[in-house]
Colleague: 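Before I ask anything, let me first share the structure, which is written out below as structure tokens.
Proteins get letters first, then strands, A, B, ... in listed order; numbering begins at 1 in each.
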Protein chains: 2
Amino acid sequence: MSVPLIDSELLVLAQSFRTTLRHAVYLSRSMDGDGELTTMQMSTLSMAAEEPLRVSRIAANLGIRVPSATEQIIKLEQAGLVSRTPDPTDSRAVLVQLTETGRSAWEDAGRRRNERVAALLAHLDDDDRATLAAALPVIGKLSRTA
Amino acid sequence: MSVPLIDSELLVLAQSFRTTLRHAVYLSRSMDGDGELTTMQMSTLSMAAEEPLRVSRIAANLGIRVPSATEQIIKLEQAGLVSRTPDPTDSRAVLVQLTETGRSAWEDAGRRRNERVAALLAHLDDDDRATLAAALPVIGKLSRTA
DNA sequence: TATAAACTGTTAGGCTACCTAACTATGAGC
DNA sequence: GCTCATAGTTAGGTAGCCTAACAGTTTATA
């Protein structure tokens, strides 16, 4: 990095990236639609799918505050998709865990969403798909940086 | 299309793409932050920046309903960033247009956002940046399909 | 040309997801 | 044992979206 300020090529890329981010948000919203689980709910469930997780961890991962996460989690609990139990090692903390119902609802919804997205991707040619596939980890890297 | 069902490679890509979409939404939200113009407001302004635009066109472009667009536009008008005038060729319609204030506010905010995003992109190496740059139009294509 | 139908936008009312501030209960350090 | 920090919930508020109902304008039709 020999350049002291932000170089203009980077600014041009930033501009396009911003536009694309907007498209992505649009796409993401258009996936939600029906009476299904929302994207946020899906994310929450997928986190809790691997291992019991604290509310604060879930909030951090979703990029929201703890009270907002509590709210969402309570709804998922009322729907019977997750359980909340006190952490045995620290009874202030609460462990959120998928129920059986939650796991299958999550898997089903994931499958349906994948099919819808796949149908979209089917419109691309092979080159475009390869280009896209290559870029996904890069965007992941960026979101970890931010 | 000789394939009758959705092939499994496509499903795998769909899965990664969904994850990345979530990251993108996260990134997009993290850009908004302060007391600045929101992403949606920026989009609205950038549409109206080119030529006076009808409320219904703006709503369609943003992927929201007309009443929601009206709401946003009225706020922008109250902030002095856009003007609303009846369309001379059809007095049911309303043309939304940037004011001088609106244009400079939009340009300033755009610059600041570009700088922030550029700072993020500066963390990537050249290969990653090239990969990302190549993929942006593909995502644009997808959002037009959806 | 009068009348019905279609269209553009606003208003009204409601829902959801987020926020901050204040609180409860537990844990950790001196 | 008392204080301070930490994990989560509760309470109250805001912003952005929605549908339904409405007013005004244009277009089609009899």
Colleague: Write down the distance between CD1 (A:Ile74) and C1' (D:dT9), rounded to a whole number of angstrom.
Modeller: 7 Å

Colleague: Heavy atoms under 4.0 Å, any strand shown: does B:Ser91 hit a base, just sugar-phosphate, or nothing?
Modeller: sugar-phosphate

Colleague: Taking A:Glu51 first and then A:Arg57, would you say they form a salt bridge - that is, a charged N and a carboxylate O separated by under 4.0 Å?
Modeller: no

Colleague: Using a cut-off of less than 4.0 Å, is there contact between a side-chain N or O of A:Arg54 and OP1 or OP2 of D:dG8?
Modeller: no

Colleague: Can you tell me how far P of D:dG8 sits from CG of A:Asp90, to the nearest Å?
Modeller: 8 Å

Colleague: Are the side chain of A:Arg129 and the backbone N or O of A:Leu121 linked by a donor-acceptor pair below 3.5 Å?
Modeller: yes

Colleague: Go through DNA chain C in 5' to 3' direction and return only the first and the last nucleotide with some atom under 4.0 Å of chain A's heavy atoms.
Modeller: C:dA17 to C:dG27

Colleague: Taking the nucleotide of DNA chain C with the nearest heavy atom to each, does A:Gly63 or B:Arg57 sit closer to the 5' end?
Modeller: B:Arg57

Colleague: Is A:Ser68 touching bases, backbone alone, or none of the nucleic acid, heavy atoms closer than 4.0 Å?
Modeller: base

Colleague: How far apart are the closest heavy atoms of A:Ala133 and B:Leu13, and which atoms are they?
Modeller: CB-CD1, 3.8 Å

Colleague: Rounding to an integer number of Å, can you tell me how far A:Lys75 NZ sits from D:dT9 C1'?
Modeller: 15 Å

Colleague: Can you tell me how far C1' of D:dC17 sits from CD1 of B:Ile73, to the nearest Å?
Modeller: 14 Å

Colleague: Separation of B:Gln41 atom CD from D:dA15 atom C1', in whole Å?
Modeller: 10 Å

Colleague: So, B:Ser28 side chain and B:Ala24 main chain: donor-acceptor pair closer than 3.5 Å or not?
Modeller: no

Colleague: Grab the OH-C1' distance between A:Tyr26 and D:dC17 for me, whole Å please.
Modeller: 14 Å

Colleague: Has the side chain of A:Arg92 got a donor or acceptor atom sitting under 3.5 Å from an opposite partner on the base of D:dT6?
Modeller: yes

Colleague: Indicate, with a heavy-atom threshold strictly under 4.0 Å, whether B:Val66 touches base, sugar-phosphate, or nothing.
Modeller: base

Colleague: As a test of reading the structure: which of D:dT10, D:dA15, D:dT25 is closest to the side chain of A:Pro67, going by heavy atoms?
Modeller: D:dT10

Colleague: Could you tell me if B:Thr39 and B:Arg113 have a donor-acceptor pair between their side chains, going purely by distance under 3.5 Å?
Modeller: yes

Colleague: Using a heavy-atom cut-off of under 4.0 Å over every strand shown, decide if A:Asp87 touches base, sugar-phosphate, or nothing.
Modeller: nothing

Colleague: In whole Å, I'd like the distance from the CD atom of B:Gln78 to the C1' atom of D:dA15.
Modeller: 14 Å

Colleague: Taking CD from A:Gln72 and C1' from D:dT9, how many angstroms apart are they, rounded to a whole number?
Modeller: 15 Å

Colleague: Within the side chain of A:Thr131, is there an N or O that forms a donor-acceptor pair under 3.5 Å with the backbone of B:Ala134?
Modeller: no

Colleague: Using modelled atom types only, decide if a donor and an acceptor are shared between the side chain of A:Arg84 and the backbone of A:Ile74 within a distance under 3.5 Å.
Modeller: no

Colleague: Would you classify B:Ser56 as touching base, sugar-phosphate or nothing, given that sugar-phosphate means primed atoms plus P, OP1 and OP2, and contacts are heavy atoms under 4.0 Å?
Modeller: sugar-phosphate

